[in-house]
Protein chains: 2
Amino acid sequence: MTIDMNLESIKCDCKQCKLKSLFFSHVTIEELTDICDIKEERAYSKGDIITKEGDVIKEFLYLKEGLVKLSKSTTEGKDQIISFSKPFDFVSLLSIFSSDVYKYSVSAIEDSHVCILDLNLVKNHASKNAMFAMDLMKRVSEATDKIVLDNLEIRRKHLKGRVAHVLLYFAKYIYEKDEFELPVSRREIAEYIGMTTENVIRTLSEFRKDKIIKIFGKDIQIVDKKRLEGISEFG
Amino acid sequence: MTIDMNLESIKCDCKQCKLKSLFFSHVTIEELTDICDIKEERAYSKGDIITKEGDVIKEFLYLKEGLVKLSKSTTEGKDQIISFSKPFDFVSLLSIFSSDVYKYSVSAIEDSHVCILDLNLVKNHASKNAMFAMDLMKRVSEATDKIVLDNLEIRRKHLKGRVAHVLLYFAKYIYEKDEFELPVSRREIAEYIGMTTENVIRTLSEFRKDKIIKIFGKDIQIVDKKRLEGISEFG
DNA sequence: AACAGCTTATAATAAATATCATAAGTTTTT
DNA sequence: AAAAACTTATGATATTTATTATAAGCTGTT
């Protein structure tokens with residue numbers, strides 16, 4: 001059960017990185033070299049914890065590949081999932097500019113590659129290169145905006161609508177197809193949309209009985225998308 | 001019902017403004033003069049809409065005085081309140097760096113003074129002055145962080161805990177005393193914590209019967225704070 | 001292979017919350 | 001001042017959701 005056991009260090013050339021333009025479109029080659037010189041890239045396996053709530057933030061990290069969840073522990077020891085993030089939309093940690101410690105944990109729900117930069121170095125360059133700072137701001141804003149809006153959406157829905165919402169979320173946003181393998185357990189879905197595991201299972205079964213989806217363990221196939229959208233929108 | 005009827009334009013010297021250091025600690029006097037030269041300051045009355053969901057964002061605005069709510073309309077025509085903001089923590093709009101249009105409405109729930117700057121001008125200066133950009137980023141991050149964490153808190157609580165949470169929120173965070181006038185209706189509290197108006201009223205009545213609070217219309221007095229905190233924390 | 005621990009599944013029951021109905025008190029409009 | 005519209009209030013009932021119990025299906029470990 002050791003976390004670091006299956007971590008794998010990878011060599012990577014930042015100048016070649018496809019994601020470079022996303023995060024660092026306004027840094028010079030010199031700045032990029034400086035930042036990337038002491039960078040690290042790690043492979044995490046499904047289930048690994050990437051950063052832990054409460055730890056001091058020393059690194060600027062972004063997801064290159066895979067899928068992660070942001071979560072927070074409640075005082076009763078239960079977890080609340082805040083959001084899921086894939087490479088394109090996951091930029092470092094939300095708290096990076098507002099706190100010294102992580103306010104949420106990040107863990108891999110699929111095998112993931114994370115690029116780890118020195119936070120002070122990144123901040124240092126941002127405080128000198130305004131365009132770079134603006135880029136970062138846009139990214140952080142977009143990420144948090146998405147979280148706030150998504151939470152509002154979920155909040156106003158009933159059980160069925162919430163489960164429909166999650167299924168459509170994975171189908172549309174994460175996998176971009178109507179047949180996919182759920183990267184999370186029913187319990188995690190429950191932690192995300194704020195209901196009990198039993199009711200998530202029950203609702204999925206109901207959708208299956210109503211021929212809206214097909215279920216084969218973790219594999220989900222959306223059969224009647226229109227109807228699922230209707231349930232998500234109106235209950 | 002005209003919105004602009006009771007708006008009042010105010011003269012104000014930015015260099016003297018107490019809030020200057022908060023938002024513009026890293027701008028030069030020249031930049032400040034440039035930005036403030038075409039600024040406007042407006043007084044809004046309780047109930048006035050300051051910005052409307054869907055409108056194009058042309059202005060950078062911040063609250064100098066008063067209390068506002070951020071809200072969003074659902075497809076069914078109901079409102080969801082995202083957060084309340086007082087001068088110190090309300091920095092422009094959250095969407096400002098991630099969208100061209102407002103994603104939420106902002107309205108005054110107490111008489112408020114808002115300072116209105118030209119958004120392009122502010123962005124322009126931020127994209128040249130990295131320290132200023134970093135300041136803005138920190139502010140936006142702090143504001144959104146607070147919203148996300150607060151929403152999580154509320155989400156994991158039951159009715160009583162949620163109502164207790166709101167009362168303590170106003171007491172601790174907004175008014176800093178245990179006796180205050182609620183700036184919102186019971187319906188708005190319901191829109192904030194995601195429950196029905198009837199249940200908000202019922203829960204408040206229950207707290208009154210249990211001698212935890214005293215109610216005189218909108219005036220609330222927290223009598224047994226320890227107990228209210230217990231309810232907020234554990235239900 | 002047998003065991004423990006976890007996830008998925010289903011049903012019955014209990015608890016939480018919403019809806020509906022009704023009324024008194026306030027505020028706004030006419 | 002009266003009427004209309006809204007807010008606060010309370011009770012009864014219906015609906016939604018959680019809890020408890022029980023079991024089968026996996027997964028990893030010894």
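Sequence lines set the chain letters: A, B, ... in the order given, protein chains first and strands last, and positions in each chain run from 1. A quick note: this is a predicted structure, and the numbers were derived from the prediction, not measured.
- For B/R202 and D/dA9, the shortest distance from a side-chain N or O to OP1 or OP2 is not below 4.0 Å.
- Side-chain atoms of A/Q80 and A/T74 include no donor-acceptor pair closer than 3.5 Å.
- Contact between the side-chain N/O atoms of B/T196 and the OP1/OP2 oxygens of C/dT19 is not found at any separation under 4.0 Å.
- Remark: B/R186 is in phosphate contact with D/dT8, judged by side-chain N or O atoms under 4.0 Å from OP1 or OP2.
- Annotation: cation-pi pair A/K86/A/Y173 present, NZ/CZ under 6.0 Å from the ring centroid and within 45° of its normal.
- For the pair A/K160 and D/dT16, the criterion of a side-chain N or O lying under 4.0 Å from OP1 or OP2 is not met.
- Neither OP1 nor OP2 of D/dC6 sits under 4.0 Å from any side-chain N or O of B/S185.
- Considering only side-chain atoms of B/L159, the nucleotide from D/dT8, D/dT7, C/dT17 that sits closest is C/dT17.
- Put simply, CG on B/L182 is 14 Å from P on D/dT7, counting in whole angstrom units.
- Contact between the side-chain N/O atoms of B/N199 and the OP1/OP2 oxygens of C/dA18 is found at a separation under 4.0 Å.
- The distance from atom CD1 of A/I201 to atom C1' of C/dA11 is 13 Å, rounded to the nearest whole Å.
- Between A/E206 atom CD and C/dT10 atom P there is a gap of 11 Å when expressed in whole angstrom units.
- Residue side chain A/R208 does not reach the base of C/dT10 through any donor-acceptor N/O pair under 3.5 Å, judged by distance alone.
- Between D/dA9, C/dT10, C/dC20, one nucleotide has an atom nearer to the side chain of B/S205 than all others, and that is D/dA9.
- Rounded to an integer number of Å, the gap from A/E198 CD to C/dT7 P is 12 Å.
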